[in-house]
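When a residue number appears, it is its place in the shown sequence, counting from 1.
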Amino acid sequence: MTIKGIIPITLLLIVAILLTPAIFAQSSCPYTVTFNVTPTSGPAYITVSISGIPQGHEVYLHWGIEPYPQGPWSDVTDTLMSWNGENYTVTIGPFQPGTWVAWVFHDATTNTWINYQCVPFWNWNVDVNPPNAGYTWAYVYPNGSILITMLGRAPDNILLWYGLTSGPGNVPWYTTSGSPGAMNASMTFNPLWGNYSVMIGPFKPAGLLPRLERAWVVSSPCLHRPLRLGSWGCPGPAPRGFSLSWP
């Protein structure tokens, strides 16, 4: 199944999760999980750490390869994690760019399976240095809010730049207050689906803002770097924008 093929399904599930955080958020889940992918391009290793498990336990990273996030696993492996004085950690790989890797944890001492947010059958998902980073799609709500989702290299700090324009293409951008320029918002990585998302708006329908439409710019390989005035922080021209309008 291709990325385009799973977008309608994953987008609906992402919308449902964002709309009902109280149902899915497990405030009693006592574990903290971090991970890192190195290097930031080409084949890479994933280092995973978990805290909240007492020292002296036998802990395994239970992981596998997926064709897409939350998909069927292959090459399923259990790798013993080591205690580093603060948490349990392990490094796996290397993986080729574009490889989807999923994992959960198994505390063999207590025979406890630890899933994402302590929800059964949920797992962490990471696309290793995705070649199609920046692939973006959007969902427009009836009130004019826009949920924007993109594939990006994790974990990165991703900024969404957006503004009101008079149409698509190389035209001036304006803020919602009418001042020239762009606005920005931080995108949040969702380990359940291995992508980034952010909600912006709500915006007025185009009919109330003559010929205005919503537009945004996303750049995973550039915007996570420090930005300087007048520079996108990466070689070449500024990233292209995506535009959207509705009646």
Between [X] and [Y], is any side-chain donor less than 3.5 angstrom from a side-chain acceptor?
X      : Y      : answer
Ser49  : Thr89  : yes
Thr77  : Thr79  : no
Asn36  : Thr38  : no
His106 : Asn111 : yes

Between [X] and [Y], which heavy-atom pair has the shortest distance, and what is it?
X      : Y      : value
Trp83  : Gln55  : NE1-CD, 3.4 Å
Tyr174 : Met183 : O-CE, 4.0 Å
Ala154 : Val37  : O-CG2, 3.2 Å
Ser197 : Leu147 : CB-CD1, 4.1 Å
Thr109 : Glu58  : OG1-N, 2.8 Å
Gly42  : Asn129 : O-ND2, 2.9 Å

Under the 3.5 angstrom rule, does the side chain of [X] hit a backbone N or O of [Y] as a donor-acceptor pair?
X      : Y      : answer
Asn87  : Gly85  : no
Asn132 : Tyr135 : no
Asn184 : Leu160 : no
Glu66  : Gly71  : yes
Thr136 : Gly134 : yes
Tyr196 : Leu159 : no
Gln70  : Trp122 : no

Same apolar cluster (I L V M F W Y, side chains within < 4.5 Å links), [X]/[Y]:
X     : Y      : result
Met81 : Tyr45  : no
Trp73 : Leu192 : no
Leu61 : Leu80  : no

Tell me, with the steps shown, if Val198 and Thr188 meet side-chain contact (heavy atoms from CB on, under 4.5 Å). CA-CA 6 Å; Val198 67; Thr188 301; over 6 Å; no

Please walk me through it: do Thr40 and Arg153 pass side-chain contact (heavy atoms from CB on, under 4.5 Å)? CA-CA 8 Å; Thr40 57; Arg153 201 202 77 83; 3.7 Å; yes

Are any of the side-chain heavy atoms of [X] and [Y] separated by less than 4.5 Å?
X      : Y      : value
Ile46  : Trp103 : yes
Trp137 : Asn195 : yes
Pro72  : Pro67  : yes
Ile50  : Thr32  : no
Pro69  : Trp100 : yes
Asp127 : Trp193 : no
Tyr88  : Ser82  : no
Pro97  : Pro43  : yes

Would you please classify the geometry between the Trp124 ring and the Phe105 ring as parallel, tilted or perpendicular, with 30° and 60° separating the classes? perpendicular

In Å, rounded to the nearest 0.5 Å, how long is the span from [atom1] of [X] to [atom2] of [Y]?
X      : Y      : atom1 : atom2 : value
Thr112 : Ile114 : OG1   : CD1   : 6.5 Å
Gln117 : Asn123 : CD    : CG    : 12.0 Å
Met187 : Asp156 : CE    : CG    : 12.0 Å
Asn125 : Tyr116 : CG    : OH    : 10.0 Å
Thr47  : Ile92  : OG1   : CD1   : 8.5 Å

Test applied, side-chain contact (heavy atoms from CB on, under 4.5 Å); reference residue, Val104; option that passes from Phe121, Trp113, Trp63, Tyr60: Trp113

Test log, rule side-chain contact (heavy atoms from CB on, under 4.5 Å), inputs Ile146 and Tyr139: CA-CA 6 Å; Ile146 307 173; Tyr139 180 89; over 6 Å; no

Going through the distances and angles, do Thr175 and Leu164 end up as a side-chain contact (heavy atoms from CB on, under 4.5 Å)? CA-CA 6 Å; Thr175 67; Leu164 304 178; over 6 Å; no

